[in-house]
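These values consider heavy atoms only, across backbone and side chains, with no hydrogens, waters or symmetry-generated copies. This chain uses plain numbering: 1 for the first residue, then up along the sequence.
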Amino acid sequence: MDLKFNNSRKYISISIPSKTDTMSPHIKSVDDIRVLGINLSQFQKPVQFFICVTGVFVFYLIYGYLQELIFSVEGFKPFGWYLTLVQFGFYSVFGLVELQLTQDKRRRIPAKTYMIIAVLTVGTMGLSNTSLGYLNYPTQVIFKCCKLIPVMIGGVFIQGKRYNAADVSAALCMSAGLIWFTLADSTVAPNFNVTGVLLISLALCADAVIGNVQEKAMKLHNGSNSEMVLYSYSIGFVYILVGLAITSGLTPAISFCSKFPFQTYGYAFFFSLTGYFGISFVLALIKVFGALVAVTGNFLHKFSA
């Protein structure tokens, strides 16, 4: 805003900057969408959607298989939080490498926002991983099929979104249909352990918030996927490390994993790698199409599993 004073006529001239002048100087183009270094902006929206959803399906199918494989190692079930710590460490390294390969390495989203996202990320992933120590995979899938509902509620309160009756009915029908399909198709009976149910329910609550917060932050500041992963997961890594150190959960986990390095750290590397690829496509969906569409694509891969 420019103020100009004229002593002879004693008036003030006020010029208001245009909308583009008030945008963050870090933002070059709000349409610049990159996933794993590939610029998707050159494609039309339907093609972008198809590429992102395909990436989510492929990588999260492998991710889910490896997650269950890790927990099938005898004696590993109590160390779900340590797996999350290792996973966050790998995510941070992958995010740093990808960010270093880009031209613009500046952080666009405020640190305070990342600290909030990190808490939510720790909650949703840590609680989800830990719940597998109490629930079998079909039971976890049943609960995750309900993810659409809390995400819609989060969108209303966090972003002020409004959904019509058709949207709500579609979400309810899709959730109910996926639960029915899982129960009918599964050869393993669901295991509704009280502790496991509580953990996965809390993870869903964190899920309801995190997607909407990420969508709001990425659209407001035009942050990149690699930036989002690097800062949110590296801060989350510190949170989990401190928590495990305080609760004395670090030493026994390291001791156990050192006895089975390939089945723990080896599987965890590929588990984290496929998860990183998957979350990159999810973040692209969030940025372009919104949290609700991203969540729909994220858990529909379980329908095909």
**Q** Please determine whether the number of non-hydrogen atoms from other residues, nucleotides or ligands lying under 6.0 Å from atom CZ of F270 exceeds 12.
**A**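 No, CZ of F270 has 12 or fewer neighbouring heavy atoms, counting only those of other groups under 6.0 Å.
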**Q** Are side-chain heavy atoms of F277 and V56 found at a separation under 4.5 Å?
**A**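 They are not in contact (no side-chain heavy atoms under 4.5 Å apart), so the answer is no.
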**Q** Using every non-hydrogen atom in the two residues, find where M228 and M218 come nearest and quote the distance to one decimal.
**A**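 Reported closest heavy-atom pair: CE-CG, 3.5 Å.
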**Q** Between S255 (side chain only) and T251 (backbone N and O only), is there a donor and an acceptor less than 3.5 Å apart?
**A**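 No; judged by distance alone, with no hydrogens or angles, the pair does not exist.
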**Q** State, with a plain yes or no, whether a side-chain heavy atom of F57 is found less than 4.5 Å away from one of V53.
**A**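 Touching, per the 4.5 Å side-chain cut-off.
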**Q** Mind checking whether C257 and Q263 have side chains closer than 4.5 Å, heavy atoms only?
**A**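 In short, these two side chains do not touch, never coming nearer than 4.5 Å.
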**Q** I need the I240 CD1 to I235 CD1 distance, nearest 0.5 Å.
**A**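 Nearest 0.5 Å value for the CD1-CD1 distance: 12.5 Å.
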**Q** Whether the side chain of T124 engages the backbone of T121 through a donor-acceptor N/O pair (distance < 3.5 Å, no angle test) should be reported.
**A**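 Such a contact is absent between T124 side chain and T121 backbone.
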**Q** Residues in side chain to side chain contact (heavy atoms under 4.5 Å, CB included) with F94, at least two apart?
**A**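 Checked F94 against side chain to side chain contact (heavy atoms under 4.5 Å, CB included); matches are F90, F269, S272, L273, Y276.
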**Q** Mind checking who shares a hydrophobic cluster with V238, ILVMFWY linked at side-chain heavy-atom distances under 4.5 Å?
**A**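 Joined to V238, directly or through intermediates: V242, I246.
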**Q** Sequence neighbours excluded, which residues qualify as side chain to side chain contact (heavy atoms under 4.5 Å, CB included) partners of S72?
**A**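 Listed in chain order: L69.
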**Q** State which residues pass ring pair (Phe, Tyr, Trp, His ring centres under 6.0 Å) with Y267; sequence neighbours excluded, sorted by chain then number.
**A**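 With neighbours one apart ignored, the set is F262.
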**Q** Tell me every residue that passes side chain to side chain donor-acceptor pair (under 3.5 Å) with S226, counting only those two or more places apart in sequence or in another chain.
**A**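 With sequence neighbours excluded, S226 shows a side chain to side chain donor-acceptor pair (under 3.5 Å) to S224, given in chain and number order.
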**Q** Using distance alone, with no hydrogens and no angle criterion, decide if E227 and Y114 have a side-chain donor and acceptor under 3.5 Å apart.
**A**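 Yes, because at least one side-chain N or O of E227 sits under 3.5 Å from a partner of the opposite role on Y114.
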**Q** Please answer whether the main-chain N or O of F271 pairs with a side-chain N or O of Q67 as donor and acceptor at a distance below 3.5 Å.
**A**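 No.
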**Q** Surrounding CD of Q42 (heavy atoms of other residues, nucleotides or ligands, distance under 6.0 Å), is the total greater than 12?
**A**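 Check passes, neighbour count above 12.
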**Q** Would you say Y91 and Q87 are linked by a side-chain donor-acceptor pair, where the criterion is simply a distance under 3.5 Å?
**A**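 A pair is found: one side chain offers a donor N or O, the other an acceptor, under 3.5 Å apart.
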**Q** Could you pull out all donor-acceptor pairs under 3.5 Å where a side-chain atom in residues 73-86 meets a protein atom, sequence neighbours excluded?
**A**
from: W81; atom 1: NE1; to: T130; atom 2: OG1; distance (Å): 3.4
from: Y82; atom 1: OH; to: Y265; atom 2: OH; distance (Å): 2.6
from: T84; atom 1: OG1; to: G80; atom 2: O; distance (Å): 3.0
from: T84; atom 1: OG1; to: N129; atom 2: ND2; distance (Å): 3.0

**Q** Do the ring centers of F260 and F256 come within less than 6.0 Å of each other?
**A**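 Here the rings of F256 and F260 have centres that are less than 6.0 Å from each other.
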